[in-house]
Amino acid sequence: MGIHINFFRQQTQLINELKERIEVLRLCRRLNNAGGYDDEEESPKALGGIYGSLVDQKAPIEEPLLSRDPESGSEFSESLSGAVPAIKQALFERMIFRVSHGNAILSFQDMKAPVIDPVSGTPVQKVVFSVLAVKSENMRRRIKKICTFFGANVYDVPSNGAGYDQAVSAAQRKLEEQKTTLHQTKLRINVILTQMAGTRTESPMVNWIDALRKERLIAEVMKKTTMLQSNALGQSSQQHMIRAVGWVPSDLYYGLENIVDRMNKERFRAQQVVLSKELDVHGSPPTYFETNKFTSGFQAIVDTYGMCRYQEVNPGLFTIVTFPFLFGVMYGDMLHAALLFCFASYLLINEKKLLYEKKIGQMGEMFGMAFGGRYIIFMMAIFGFYAGTLYNDAASIPLNVFGSRWDLDNGVMNDDGPYPWGVDPEWYGKKNELVFLNSLKMKLSIILGVTHMSFGICLGLANNLHFKDYSGILFEFIPRILFLLCTFGYMAALIILKWCMDWAGTFRYMAPPSLIQTMIGMFLKPGSLKEEDEIYSGQGTLQIIMLIVALLCVPAMLVGKPLMSNAEFKKKYGHLQRRHHHSVNTEEEKIPIHEGEDSGHGAVGPNYSFSDHMITQAIHTIEFVLGAVSNTASYLRLWALSLAHAQLASVRCVFNI
């Protein structure tokens, strides 16, 4: 394809060059007074410039006035002709005059219409120039350099009228030949490409691409194989075979055996491919999750951030719900979600047609990305509509489905109770609308964030139980969940408790306390809680207890698991370490527990290093503590993006009205 593109580019450039050459020849014939003139407008006097002045001085036209210098005898027969952009004409003329020191005569003729520049391929308005200079190699070289600098194209121009006619005729013939060649080449390429594209069911081009892809995959596998160096199976011919070690899902192993047996019988007629699963393979098996067209998009999102180890819980399963739900919290709008649902439905209904277009390469990159995430978009539209019903927001227009529960005359709620579902529509359009919705969405984001992070820690507990990593349960799961619940989990509980209290009825004598100030005072001034800021009795004492528990969790996460692993190592391999210390006076090779060939779930080996494990655990502890703060703050983006979306929709709505 690159060769074809270069060919078309070269042919197009040559055609444009021939067109410009023909135009230059025609106009230079006027400038140089070769071959006579058909009318008065083409006479030298009508052309003006230097030639018009020469006619006024009654100089003979057949022989140039400045044909010979009387002193030096040098002839003014060195001439150059070509085309230069019209916008550079004045500067070009001035530069020629300065370089030649006035020993060059320059004339111009305007082209009637812009021409396609052979170099840039864009239309440019140009003028034809003709330079008559003193015959000198230096002069000719300087003028050519100036022409190159100003983007002027120089052409060979005949010296008589017959030569002009012949040059124009030759250029026109070559132009027609090039046009014919280019046209026939395009037709031939179209025929070949049509044959390669084939029909919708059979495409040689697609088959060829598939064959290349298979060959590439085979070549990649062959690079990972090794030649048998020993007679492993008791047959001398097998020394020339290759050995490939790989992993296959257990459910597919028997199918692989059947394929190998059928291949041996049909192709080789002898047992030449041996399949065995009794191999000593170092390291844990790779992680493999069976996906389909619905779950593959969500699994790809999880794999972007990291791949879990073999037999660990797959978070991609839960991402099918959590990812579109968090999007719905940010994008909660019934009308916009309905539009997104229509787009996702279009992609799903035309799935087979669009898959074929993507296969043959007729789908654009941006649309291809959207099509690849069609099921993700579908789920996001559903959860976006659900969150929109909670916000009671349809393009910043609330829906009064159940009737407002506010008594607008008295400014209090009526006896019908709260609004059955979502936000009461009377909140919209009021002065305190932004304050109320800001508080609601910000607190909701914190609750969702703490719940999401707590669920992630519980997934770690499932991994510890599966691998029987009891040290991980004692010194990772328990301290982590306690630290999170005693800090930001407590803040989420205060938010829910504050929502459940009737501050306008039962607690009307109290002003609702600021939870931000409560959390700041919990860490900076433990126990010093004012009576009017208490939400429940004994709040100050409970906050001190939770703060102490959170602080004790940090050293438990830091040193608990390394100390337990070190004790286990000394119990199992202490005698080997002492024997090695007495026999060899060298430092023992150390491999960190989390970087060895074990599963990484608490198992120790003879190469265990307590110092390396301590450093690794310290990094994980610092990362968790700082991440608990930064990740909680990061969930506030749910509130920020939801607010931005609602306000932008509100601005558009007001503008349209």
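Keep in mind that the numbers below use all heavy atoms, side chains included, and drop hydrogens, waters and symmetry copies.
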Write down the atom of T287, the atom of C308, and the distance for their closest heavy-atom approach.
OG1-O, 2.5 Å
Nearest heavy atoms of G368 and K358, plus distance in Å:
O-NZ, 4.1 Å
Under the side chain to side chain contact (heavy atoms under 4.5 Å, CB included) rule, what do M379 and F298 come out as? Steps first, then yes or no, please.
CA-CA 11 Å; M379 294 294 293; F298 298 96; 4.0 Å; yes
Ring-plane angle category for F378 and F341, please: parallel below 30°, perpendicular beyond 60°, tilted otherwise.
tilted
Measure from the side-chain N and O atoms of T541 to the backbone N and O of G538, and report whether any donor-acceptor pair falls under 3.5 Å.
no
d(L335 CG, L340 CG) to nearest 0.5 Å is 11.5 Å
Would a distance-only check, ignoring hydrogens and angles, find a side-chain to backbone donor-acceptor pair under 3.5 Å from D333 to H336?
yes
To the nearest 0.5 angstrom, please state how far the CG atom of N566 sits from the NZ atom of K571.
14.0 Å
Between the side chains of Y375 and E351, is a donor N or O closer than 3.5 angstrom to an acceptor N or O?
yes
Flag, side chain of T451 to backbone of I447, donor-acceptor distance under 3.5 Å:
yes
Taking P562's backbone N and O only, do any of them form a donor-acceptor pair with S565's side chain (distance below 3.5 Å, no angle check)?
no
Treating D424 as the side-chain partner and Y419 as the backbone partner, does any N or O pair qualify as donor plus acceptor under 3.5 Å?
no
Minimum heavy-atom distance between T487 and L484, given as atom pair plus value:
OG1-O, 3.2 Å
I need the minimum non-hydrogen distance between Y536 and L542, along with the two atoms involved.
OH-CD2, 3.3 Å
Does R243 offer a backbone N or O that forms a donor-acceptor pair with the side chain of T225 under 3.5 Å?
no
So, does Q617 use its side chain to make a donor-acceptor pair with the main chain of M557 at under 3.5 Å?
yes
Pair F318-F455, ring-ring contact (aromatic ring centres under 6.0 Å, His included): steps then yes or no:
CA-CA 10 Å; F318 310 99; F455 179 72; 5.0 Å; yes
Give me the atom names and distance for the closest heavy-atom approach of A370 to L347.
O-CD1, 3.8 Å
Salt bridge K224-E220, side-chain N to carboxylate O under 4.0 Å:
no
Side-chain touch N292/T295, heavy atoms, less than 4.5 angstrom:
yes
Is a side-chain donor or acceptor of S396 paired with a backbone partner of A646 at a separation under 3.5 angstrom?
yes
Audit row: I376, I301, side chain to side chain contact (heavy atoms under 4.5 Å, CB included) steps and yes/no:
CA-CA 10 Å; I376 300 177; I301 295 175; 3.7 Å; yes
Passes side chain to side chain contact (heavy atoms under 4.5 Å, CB included), D469 versus S471? Steps please.
CA-CA 6 Å; D469 183 11; S471 62; 2.9 Å; yes
Could K441 and F436 be counted as a cation-pi pair, given that NZ or CZ must be under 6.0 Å from the ring centre and within 45° of the axis?
no
Checking side-chain polar atoms at under 3.5 Å, does N631 have a donor or acceptor matched by the opposite partner on S634?
no
Flag if over 12 foreign heavy atoms under 6.0 Å of OH, Y428
yes
To check you understand the geometry: which heavy-atom pair defines the closest contact between M442 and L636, and what is its length?
CG-CD2, 3.9 Å
Compute whether any side-chain donor of one residue and acceptor of the other, for H452 and Y635, lie under 3.5 angstrom apart.
yes
Taking the six-membered ring of F483 as reference, does the NZ or CZ atom of R480 fall below 6.0 Å from its centre and within a 45° cone about the axis?
no
I'd like to know if the side chain of N432 and the backbone of V435 have a donor-acceptor N/O pair within less than 3.5 Å.
no
Assess whether side chain to side chain contact (heavy atoms under 4.5 Å, CB included) is satisfied between M380 and F323, documenting all intermediate values.
CA-CA 8 Å; M380 291 191 302; F323 182 82; 4.0 Å; yes
With distance as the sole test, does N463 use its side chain to make a donor-acceptor pair with the main-chain N or O of E312 at under 3.5 Å?
no
If only side-chain N and O atoms count, and only distance matters, is there a donor-acceptor pair under 3.5 Å linking E426 with N400?
no
Within 6.0 Å of CG in L217, more than 12 heavy atoms from elsewhere:
yes
Quick one: does Q299's side chain get under 4.5 Å of N314's, heavy atoms only?
yes
Please work out which of the three classes, parallel, tilted or perpendicular, describes the rings of F325 and F383, given edges at 30° and 60°.
perpendicular
